[in-house]
K.L.:
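Input: one structure, supplied below.
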Amino acid sequence: MTPQQMVGIGVRLVAIWIAIGNVGQLISWSLALTQMDKADKIWGAYLVSGWWLAIAVLLWFFPMWTAHKLVPRTRFENKLNQGPLPSLDYGTPAILQRAAAAGGRCFRQRTERDRP
């Protein structure tokens with residue numbers, strides 16, 4: 001793998017991080033504005049979220065362009081020596097399961113607290 005390809009993978013991971021964080025922010029802003037009876041101000045939340053989603057989409061579809069801007073161009077023979085990557089077969093389901101459980105706990109706490 002060239003250094004640009006490794007940076008390209010990192011750019012795609014950043015794009016995923018921006019998109020996931022942005023969806024949560026949009027939902028929380030929308031709920032907060034509707035609870036404060038300021039639903040007419042919700043277009044601002046959509047505008048900011050749309051901006052960040054556009055950045056995430058651009059980073060997702062053009063990671064190598066971004067990588068070439070960050071890292072100077074080299075020949076393809078310039079490879080980084082790295083061993084085989086560890087398998088994600090066991091770690092990924094555990095991470096997803098814990099993230100879902102944490103999200104469920106946060107949602108339950110919020111709804112129980114909001115009840116009269």
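Counting begins at 1 with the first residue of the sequence.
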K.L.:
Tell me the closest heavy-atom pair linking Leu26 and Ala45, and the distance in Å.
P.N.:
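Shortest heavy-atom separation between Leu26 and Ala45 comes out as CD1-O, 3.8 Å.
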K.L.:
Among Val11, Ile16, Ile55, which one satisfies side-chain contact (heavy atoms from CB on, under 4.5 Å) with Trp60?
P.N.:
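Of the listed options, the one satisfying the test is Ile16.
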K.L.:
Hey, could you give me the CZ/CE distance between Arg12 and Met64, rounded to the nearest 0.5 Å?
P.N.:
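These two atoms lie 10.0 Å from each other.
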K.L.:
Run the side-chain contact (heavy atoms from CB on, under 4.5 Å) test against Ile42 and tell me which residues pass, sequence neighbours left out.
P.N.:
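Testing Ile42 for side-chain contact (heavy atoms from CB on, under 4.5 Å), a comparison that skips the adjacent residues, returns Ser30, Leu33, Thr34, Tyr46.
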K.L.:
Is it true that, when you exclude Trp52 itself, more than 12 heavy atoms of the residues, nucleotides or ligands shown sit nearer than 6.0 Å to its CH2?
P.N.:
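Counting neighbours around CH2 of Trp52, 12 or fewer heavy atoms of other residues, nucleotides or ligands fall under 6.0 Å, so no.
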K.L.:
If you compare all heavy atoms of Gly8 against all heavy atoms of Pro63, which two are closest, and at what distance to 0.1 Å?
P.N.:
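Closest approach of Gly8 to Pro63, heavy atoms only: O-CB, 3.6 Å.
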K.L.:
State, to 0.1 Å, how close Ala15 and Ala56 come at their nearest heavy-atom pair, and which atoms those are.
P.N.:
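Between these two residues, the closest heavy atoms are CB-O, 3.4 Å.
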K.L.:
Once side-chain contact (heavy atoms from CB on, under 4.5 Å) is applied, do any residues pair with Leu53, and if so which ones, sequence neighbours excluded?
P.N.:
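For Leu53, the residues satisfying side-chain contact (heavy atoms from CB on, under 4.5 Å) (neighbours in sequence not counted) are Ala19, Asn22.
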K.L.:
Please identify each residue that fulfils side-chain contact (heavy atoms from CB on, under 4.5 Å) with Val14, with sequence neighbours left out.
P.N.:
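In terms of side-chain contact (heavy atoms from CB on, under 4.5 Å), with neighbours along the sequence ignored, Val14 is linked to Ile18, Leu59.
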K.L.:
Under the rule for side-chain contact (heavy atoms from CB on, under 4.5 Å), what residues qualify as partners of Val57, not counting sequence neighbours?
P.N.:
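Expected list: Phe61.
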K.L.:
Which residues, ordered by chain and number, are linked to Trp43 in its hydrophobic cluster, where ILVMFWY side chains connect at heavy-atom gaps below 4.5 Å, directly or through other members?
P.N.:
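Trp43 clusters with Leu47.
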